[in-house]
Amino acid sequence: NSDRRTFWPDWAAVQATTWRRYEEDLVPVVLTAYKGWVPLNCLNFFLLPPQYRIVTVAVAATVWNAYLSLVTHKHPQPSEPLGWSDAAAD
């Protein structure tokens with residue numbers, strides 16, 4: 001039956017994709033984290049009253065998660081998940 005699908009991972013493709021994304025994204029994301037979270041936390045704990053600290057971090061975390069989502073989805077997505085392929089007919 002040619003419409004069956006099997007999961008047989010192409011580990012070389014998975015490893016190549018993972019390594020490429022690691023090389024492209026890790027350093028910029030970490031530098032952005034340092035530029036954003038360190039000053040925010042310094043201001044948050046030294047200048048803001050305690051009742052506003054949780055709200056400040058919650059808003060910043062929402063913005064940070066949106067940024068991480070944009071970084072994650074900037075790469076073109078494959079038409080099918082890595083490792084999926086058509087099964088051979090019986």
Side-chain angles (χ1 to χ4, degrees):
N1 200 344
S2 65
D3 61 338
R4 278 190 16 214
R5 314 272 290 164
T6 59
F7 183 69
W8 193 260
D10 178 5
W11 293 112
V14 171
Q15 184 180 16
T17 301
T18 302
W19 188 254
R20 178 184 52 81
R21 292 189 63 190
Y22 167 80
E23 288 178 331
E24 291 175 5
D25 295 339
L26 182 67
V27 172
V29 167
V30 170
L31 290 176
T32 303
Y34 289 157
K35 291 176 193 174
W37 284 107
V38 172
L40 175 80
N41 281 310
C42 288
L43 294 173
N44 191 31
F45 288 108
F46 293 120
L47 298 178
L48 287 178
Q51 65 265 28
Y52 298 119
R53 291 178 184 168
I54 293 174
V55 174
T56 302
V57 172
V59 170
T62 302
V63 172
W64 178 249
N65 285 327
Y67 168 74
L68 289 178
S69 180
L70 290 172
V71 169
T72 300
H73 291 91
K74 77 177 181 180
H75 301 286
Q77 300 297 317
S79 58
E80 58 185 28
L82 287 175
W84 286 94
S85 61
D86 291 327
D90 290 334

* Asked: Do side-chain atoms of Thr72 reach the backbone of Leu68 as a donor and acceptor pair under 3.5 angstrom?
  ->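 Indeed, once roles are kept as given, a pair shorter than 3.5 Å links the two residues.
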* Within the distance-only criterion (no hydrogens, no angle test), does the side chain of Asn44 pair as donor or acceptor with the backbone N or O of Leu40 below 3.5 angstrom? ->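 Side chain of Asn44 to backbone of Leu40: no pair is present.
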* Co-membership, hydrophobic cluster, residues Trp19 and Leu26, 4.5 Å side-chain ->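 They do share one cluster, since a chain of ILVMFWY contacts under 4.5 Å joins Trp19 to Leu26.
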* **Common cluster, Tyr34/Tyr22, ILVMFWY with side-chain heavy-atom separation under 4.5 Å** =>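 Hydrophobic grouping puts Tyr34 with Tyr22.
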* Asked: Do you know the tightest heavy-atom contact between Tyr67 and Thr32?
  ->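 Scanning both residues, the minimum pair turns out to be OH-OG1, 3.3 Å.
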* Asked: Who are the ring pair (Phe, Tyr, Trp, His ring centres under 6.0 Å) partners of Tyr52, not counting sequence neighbours?
  ->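 Tyr52 satisfies ring pair (Phe, Tyr, Trp, His ring centres under 6.0 Å) with no residue once adjacent residues are dropped.
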* Which hydrophobic side chains are connected to Phe45, either touching it within the sub-4.5 Å cutoff or through other members that do? ->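 Joined to Phe45, directly or through intermediates: none.
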* Can you tell me how far CG of Leu70 sits from CG of Asn65, rounded to the nearest 0.5 angstrom? ->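 Interatomic distance, Asn65 CG to Leu70 CG, rounded to 0.5 Å: 11.0 Å.
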* **Inter-residue atom distance Leu48.CG - Ile54.CD1, 0.5 Å rounding** =>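 Leu48 atom CG to Ile54 atom CD1 measures 12.0 Å (nearest 0.5 Å).
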